[in-house]
Novice: 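Once you've had a glance at the structure underneath, I'll fire off some questions.
Note that this is a predicted model, so its numbers are computed, not measured. Read the numbers this way: they start at 1 and go in the same order the structure lists the ligands and their atoms. Nothing fancy with the numbering, it's 1 onward along the sequence.
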Amino acid sequence: MIRANENYSKLKASYLFSDIAKRVNEYQAKNPEAHIIRLGIGDVVKALVPAVIEGFHRGVDEMAKDASFRGYGPEQGYLFLREKIAENDYHAQGADISPDEIFVSDGAKCDTGNFQELFAPDIKVAIPDPVYPVYLDTNVMAGRTGGFEDGRYGGIVYMDCLKENHFLPALPREKVDLIYLCFPNNPTGSTATKDELKVWVDYARENKALILFDAAYEAYIRDPDLPRTIYEIDGAREVAVEFRSFSKTAGFTGTRCGFTVVPKDCMIYSAKGEKISLHSMWNRRHTTKFNGVSYPVQKATEAVYSEEGKRQIKEQIAYYLNNADVIRKTVESLGFDYVGGKNSPYIWVDGKGRDSWEFFNLLLTQASVVCTPGAGFGRCGRHYIRISAFNSLENVTLAMERIKEALK
Ligand code: PLP
């Protein structure tokens, strides 16, 4: 008899964005004339920049001739791209990461979801609340949790991110083995300073733990004092894996490219306490289960690091950050507390005690604006909504005018 992995039955029945889509569709069906503005799901709206398109075309043209055609490439990514990443994202920040510590992939969702496969089933996992749901759900699928009760899975160490702690989790009281961190954060938009990250790096070194650091929104950091990679922190090479994505950096949500950094100094342990190289394990996993990102996409990604590419992408990110400013100013003028939007495309708004779905419904029905109810990201989000800056300036401006009118 073919038996199911019953851990899947522990997963919450519905997925946040399908719930939202259902409510939005119902509203649209009842109000066919309503022009709905979507500031919910974090997808970009701007076209790939010209330098990237040129790189993409060059890759496609090479595939059109036998002499330059490429078949299977290195699973870890072409060296031309890994070298550019090491130089621009790490060496430029004073972080010592070599190209062979970089694994190019089809995005950070797969990597953040798959990485937990390398660890024993009975490790203690610490996850922030609220959180990007992938970290949690993939640990549920792997059987590291109990059932879902009162908004939480048994067995997980939840790290509350609240106004009181400036949306930065405190070190867990009990000893944990694996820690997920994400800065700039999705959904809260909060950031962490070098000193704040150092606390986690020191904890991981003292406790033989590992940090999985999701830096998918690194490109949105405006404040020059904030770290752009966890490897700016002393000792992080021993205890941290970093995930990056070109989705929000360069508009690659539909193009698909990201990468994961696994330093050779990172060790994990056998039951007997013997050291095992995490780099070797991820290399084995990646080369066994993944066959590389397509050549034209890697050429397009390489162009992200050209002088023209860097300039054009900076302009695109400035566009979204300007949208975030418009949202922040509106939220502030309406007297709401919020975090984010300064070094992040997300603004996390405190609904003044309102339930997050109630706040979502209010904005949908009174302003035809879609946001994301914070409850979908965890129990600590139940009185918050997330507003995303990923839309046109025209739509963001109109949405904010409507929200002002609805809530005045
Ligand atoms: N990590 C975080 C925190 C995200 O918000 C997202 C996408 O929304 C991802 C990872 C996934 O990125 P990708 O498109 O590279 O799979």
Novice: With heavy atoms of N186 as the reference, note each atom of ligand 1 found under 4.0 Å away.
Specialist: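 By the 4.0 Å cutoff, the relevant atoms are 3 (C), 4 (C), 5 (O).
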Novice: Check whether any heavy atom of T253 sits under 4.0 Å from an atom of ligand 1.
Specialist: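 In this structure, T253 fails to qualify as a contact of ligand 1 - no heavy atom is under 4.0 Å.
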Novice: Can you see whether Y295 engages Y78 through a side-chain donor-acceptor pair at a distance of less than 3.5 angstrom?
Specialist: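 The criterion, which ignores hydrogens and geometry beyond distance, is not satisfied for Y78 and Y295.
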Novice: Does any N or O in the side chain of D160 come within less than 3.5 Å of the main-chain N or O of L162, such that one atom is a donor and the other an acceptor?
Specialist: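 Pair absent, no side-chain N/O of D160 close to backbone of L162.
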Novice: Do any N or O atoms from the side chain of N283 and from the backbone of H279 form a donor-acceptor pair under 3.5 angstrom?
Specialist: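 Answer holds: no.
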Novice: Does the pair E101/R237 count as a salt bridge with the N-to-O cut at 4.0 Å?
Specialist: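 Yes.
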Novice: Any Lys/Arg nitrogen of K342 or D223 sitting under 4.0 Å from an Asp/Glu carboxylate oxygen of the other?
Specialist: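 No salt bridge links K342 with D223.
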Novice: Pull out every atom of ligand 1 sitting under 4.0 Å from any heavy atom of R256, numbered as shown with elements.
Specialist: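 That gives atoms 13 (P), 14 (O), 15 (O), 16 (O) of ligand 1.
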Novice: Closer than 4.0 angstrom, basic N to acidic O: yes or no for R382 and D355?
Specialist: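 So R382 does not pair with D355 through a salt bridge.
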Novice: Among all protein non-hydrogen atoms, which one is nearest to atom 11 (C) of ligand 1, and what is the separation to 0.1 Å?
Specialist: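 Answer for atom 11 (C) of ligand 1: Y132 OH, 3.3 Å.
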Novice: At a 4.0 Å threshold, what atoms of ligand 1 neighbour a non-hydrogen atom of G107?
Specialist: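 Those qualifying, in numeric order: 15 (O), 16 (O).
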Novice: Quick one: do D111 and R285 make a salt bridge, cutoff under 4.0 Å?
Specialist: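 Looking at R285 together with D111, the answer is no, because their closest N to O distance does not fall below 4.0 Å.
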Novice: Side chain, backbone, both or neither: which part of Y217 comes within less than 4.0 Å of ligand 1 when only heavy atoms are counted?
Specialist: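 The answer is the side chain.
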Novice: Consider every N or O of A108 and every N or O of ligand 1, then say whether any pair is closer than 3.5 Å.
Specialist: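 There is such a contact, yes.
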Novice: Taking distance alone, with N or O pairs closer than 3.5 Å, would you say D106 contacts ligand 1?
Specialist: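 N/O-N/O distance under 3.5 Å: no.
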Novice: Is E218 salt-bridged to K248, cutoff N-O under 4.0 Å?
Specialist: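 So E218 does not pair with K248 through a salt bridge.
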Novice: Please work out whether any backbone atom (N, CA, C, O) or any side-chain heavy atom from C-beta onward of C182 is under 4.0 Å from ligand 1, and answer side chain, backbone, both or neither.
Specialist: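 Answer for C182: side chain.
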Novice: Any Lys/Arg nitrogen of R82 or D100 sitting under 4.0 Å from an Asp/Glu carboxylate oxygen of the other?
Specialist: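 Result for this pair is no, no salt bridge flagged.
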Novice: What's the shortest distance from atom 14 (O) of ligand 1 to any protein heavy atom, and which residue and atom give it?
Specialist: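 Going atom by atom, the protein heavy atom closest to atom 14 (O) of ligand 1 ends up being S247 OG, 2.5 Å.
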Novice: Please determine if T112 has a nitrogen or oxygen closer than 3.5 Å to a nitrogen or oxygen of ligand 1.
Specialist: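 No: no nitrogen or oxygen of T112 is under 3.5 Å from one in ligand 1.
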Novice: Considering only protein heavy atoms, which is closest to atom 3 (C) of ligand 1, and at what distance to one decimal place?
Specialist: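 The protein heavy atom lying closest is D214 OD2, 3.2 Å.
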Novice: Can you report which non-hydrogen protein atom sits closest to atom 7 (C) of ligand 1, along with the distance?
Specialist: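 Protein heavy atom at minimum distance: K248 NZ, 3.4 Å.
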